[in-house]
Amino acid sequence: MRPPETLETERLRLRPVRRSDAGDIFGYASAVPSTRFMPFPRHCNIAASLAFAERCESQWASGASFPWAVIEKASGRFLGVIELRLSPPKADFGYIFGEASWGRGFATEAVCTVVAWAIAQPPIFRVWATCHPDNAASAAVLRKAGLSHEATLENWEARPQLGELAGPSHFYARTRSPNG
């Protein structure tokens with residue numbers, strides 16, 4: 001099972017991340033606000049962003065995961081990345097957007113599209129994501145996409161920017177019954 005390479009919404013185009021996106025990735029992945037709650041170390045140089053873009057390309061090729069670049073249709077501007085991992089009967093995803101695109105509904109639009117595609121697949125019955133308990137904006141995006149808070153997981157994820165070796169995460173999920 002593979003998602004479409006391109007997903008479109010009214011304002012967005014999601015397409016596979018490419019090596020040529022490394023400069024745009026560095027723009028958010030090196031920024032303090034964008035990476036505050038992320039489980040990866042802030043990128044200190046463009047080489048880290050290029051390595052991430054190369055990983056994204058290989059993930060698409062192998063089918064291990066599906067990272068899309070989120071592009072604003074009107075301007076062609078790179079906004080961020082959303083990545084889907086399929087492991088029937090479940091799928092999980094994560095996302096990050098540059099601060100310049102915050103507060104305009106872009107993350108919600110992208111997340112809603114990916115979640116809708118995933119939960120519509122016959123072998124997928126649960127779509128889930130996590131966020132840091134202090135990340136109210138991300139929690140709001142997940143709720144708007146139809147995910148419900150199920151638990152707070154202690155010692156779930158490292159967050160280098162917060163100095164957490166194993167910090168807590170809120171667990172959100174959208175499910176459907178296997179019985180229809």
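We count residues from 1, following the sequence as given.
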Pairwise side-chain contact, [X] with [Y], heavy-atom cut-off 4.5 Å (strictly under):
X	Y	result
Tyr172	Cys131	yes
Arg36	Asn135	no
Trp68	Leu12	no
Leu14	Ile71	no
Pro4	Trp117	yes
Trp102	Ser34	yes
Gln59	Pro67	yes
Leu50	Glu54	yes

Can you find a side-chain donor-acceptor pair between [X] and [Y] that sits under 3.5 Å?
X	Y	result
His43	Ser30	no
His170	Glu150	no
Arg42	Thr35	yes

Can you tell whether the side chains of [X] and [Y] come within less than 4.0 Å, N to carboxylate O?
X	Y	answer
Glu57	Arg19	yes
Glu8	Lys73	yes
Arg159	Glu157	yes
Arg15	Glu5	no

same_hphob_cluster([X], [Y]) at 4.5 Å side-chain heavy-atom cutoff:
X	Y	value
Val81	Val141	no
Leu84	Trp60	yes
Ile119	Tyr95	yes
Phe78	Ile46	no
Trp156	Phe37	no

Could you list the donor-acceptor pairs under 3.5 angstrom formed by side chains in residues 104-111, with sequence neighbours left out?
{"unit_1": "Glu109", "atom_1": "OE1", "unit_2": "Arg11", "atom_2": "NE", "d": "2.7"}
{"unit_1": "Glu109", "atom_1": "OE1", "unit_2": "Arg11", "atom_2": "NH2", "d": "2.8"}
{"unit_1": "Glu109", "atom_1": "OE2", "unit_2": "Thr9", "atom_2": "OG1", "d": "2.4"}
{"unit_1": "Glu109", "atom_1": "OE2", "unit_2": "Arg11", "atom_2": "N", "d": "3.0"}

Pairwise distance [atom1]([X]) to [atom2]([Y]) - rounded to 0.5 angstrom:
X	Y	atom1	atom2	value
Thr113	Arg13	OG1	CZ	13.0 Å
Leu86	Met1	CG	CE	5.0 Å
Ile82	Phe97	CD1	CZ	6.0 Å
Ile25	Ser49	CD1	OG	6.0 Å
Asp134	Leu162	CG	CG	8.0 Å
Arg174	Ile124	CZ	CD1	13.0 Å

[X] and [Y]: which non-hydrogen atoms are nearest, and at how many Å?
X	Y	value
Ala100	Arg77	CB-NH1, 3.9 Å
His132	Pro168	CD2-O, 4.0 Å
Pro33	Glu99	CG-OE1, 3.2 Å
Val17	Ala69	CG2-N, 3.5 Å
Ala118	Ala91	CB-CB, 4.4 Å

**Prompt:** Taking Asp21 for the side chain and Asp24 for the main chain, is one N or O donor matched with an acceptor at less than 3.5 Å?
**Reply:**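 No; zero donor-acceptor contacts below 3.5 Å.
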**Asked** Going through the distances and angles, do Ser65 and Glu83 end up as a side chain to side chain donor-acceptor pair (under 3.5 Å)?
**Response** CA-CA 7 Å; Ser65 69; Glu83 182 170 347; 2.6 Å; yes
**Request:** Carefully, step by step, assess Trp128 and Phe171 under the rule ring-ring contact (aromatic ring centres under 6.0 Å, His included).
**Result:** CA-CA 7 Å; Trp128 65 272; Phe171 184 91; 5.2 Å; yes
